[in-house]
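Counting starts at 1 for both ligands and their atoms, in listed order. Being a predicted model, the structure only gives us computed values, none of them experimental. In this chain, numbering begins with 1 at the start of the sequence shown.
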Amino acid sequence: MKISDKLQHPNWKDRITWSYEFFPPKTSTGIQNLYSRIDRMKKWGHPMFIDVTWGAGGSTSDLTPVIVNVAQKEFQLDTCMHLTCTNMSEEMIETALKKAYETGCRNILALRGDPPKNETEWTQVEGGFRYASDLVRYIKKNYGDEICIGVAGYPEGYSPDDDLERSLKHLKEKVDAGASFIVTQMFYDADNFVEWVKKVRKMGITVPIFPGIMPIQAWDSFIRRAKWSGVKIPQHFMDTLLPVKDNDDDVRERGTDLMIQFCRTLIENGITRLHFYTMNLEKAVKMIIERLGLLDEEVKDVTEKSENQLTTNRT
Ligand code: FAD
């Protein structure tokens, strides 16, 4: 089912929702573990959707659609497949879209993509797309309203643009090209995000925004990810975590309290679509969702099977 439709459905519309991002593991054991994890996570806290990343440089172009297929068909989860332009000709893009469509997947996060590993410059392949907005236009032209398209947004940190105005202008371009939702880069400064959302809205962008939430699992990964994405670490995060940095359990416990406060700030400001970067781990995500009190009310998912079947006859 399309995320845009689900957002309007009475079962999901007025509640605080959550969704999980996963990435394709490198080994077959890793893949099996991921399936078990998705199954467990679905059981304790049914997400509105899950999304599966597209490896840098197209490195998971075989595996990502397989995971999407299992998520859609075995777990009956509405899935959003990431798709990037890096190293992808139009023909390869079409093959990936077709595969996803045939599994019942109706959501694509359209991205330009990072340069392949060990390359610093992004280059367009012959017969491929230059910008995410080109990919959005292509999907829209070929699939119309049958696929719901999301795009990336950058509230802070290493956006492909170092200029906020330019970044917002290009975000607007992607939405005008046909995107129906935005998923953001991770961040820890909730107040800055709230201000960014106001600027996005001022640009006339009205589509739903899913804030990218990175749970804190351990000190080293917390610091590494903040550096890697270039996001600011608020001082109170450092003050709380630094004294216990050598004890993973304490970091996770205190990190969870910080992220709960962070989520509450978002919710108080009307941002109710929590999107978790799980990093294929469940403990910290569960602690946040549980302690926010979101598991108290049973989530009744829409019966997607029949709704998907109605629309899988595209030729
Ligand atoms: P675009 O929006 O196309 O922007 C890329 C650059 O082009 C920017 O500098 C922009 O300003 C510029 N630009 C855009 N339009 C124009 C124009 N008309 N004229 C001139 N300049 C223009 N990467 C992966 O490889 N796989 C993933 O699965 C993945 N998932 C992601 C999920 C999220 C939520 C986010 C935030 C990022 C993800 N990325 C992923 C990383 C992303 O691919 C990179 O950040 C990439 O560098 C930019 O992608 P984009 O879609 O934002 O690009």
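Under a 4.0 Å N-O distance rule, the pair Arg264/Glu268 does not qualify as a salt bridge. Lys283 has no carboxylate O lying under 4.0 Å from a charged side-chain N of Glu290, or vice versa, which leaves the two without a salt bridge. Salt-bridge check for Asp39 with Lys42: failed, with every basic side-chain N at 4.0 Å or more from each acidic carboxylate O.
Polar contact with ligand 1: present for Gly113 (N/O pair, distance under 3.5 Å).
In the vicinity of Gln185, heavy-atom distances shorter than 4.0 Å reach the ligand 1 atoms 36 (C). Taking every non-hydrogen atom of Tyr277 and a distance limit under 4.0 Å, the qualifying atoms of ligand 1 come out as 33 (C), 34 (C). Each of the following atoms of ligand 1 lies closer than 4.0 Å to a heavy atom of Leu109: 32 (C). Counting the atoms of ligand 1 from 1 in the order shown, those under 4.0 Å from a heavy atom of Thr84 are 24 (C), 25 (O), 26 (N). For ligand 1, the atoms closer than 4.0 angstrom to any heavy atom of Ala152 are 35 (C), 36 (C), 52 (O). Applying the 4.0 Å criterion to heavy atoms of Lys174 picks out, from ligand 1, the atoms 2 (O), 50 (P), 51 (O), 52 (O).
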For Phe262 and Phe187, run ring pair (Phe, Tyr, Trp, His ring centres under 6.0 Å): C-alpha distance rounded to whole Å, both residues' side-chain angles, the deciding distance at 0.1 Å, then the answer.
CA-CA 10 Å; Phe262 166 100; Phe187 60 93; 5.2 Å; yes
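Closest to atom 49 (O) of ligand 1 by heavy atom, among Tyr131, Phe23, Trp54, Tyr154, is Tyr154. Distances from atom 3 (O) of ligand 1 to the heavy atoms of Pro24, Ser59, Ala132 put Ala132 nearest.
Residue Gly212 places every heavy atom at 4.0 Å or more from ligand 1. Under a 4.0 angstrom heavy-atom cut-off, Glu173 registers as being in contact with ligand 1.
Heavy atoms of Arg112 found under 4.0 angstrom from ligand 1 belong to the backbone as well as the side chain.
The number of heavy-atom neighbours closer than 6.0 Å to CG of Asp145, taken from other residues, nucleotides and ligands shown, is 12 or below.
Seen from the ring of Tyr101, Arg106 counts as a face-on cation partner, given the 6.0 Å and 45° thresholds.
With ring centers used as reference points, Tyr277 lies 6.0 Å or more from Phe22. Ring to ring, Phe193 and Tyr188 are not that close: their centroids are 6.0 angstrom or more apart.
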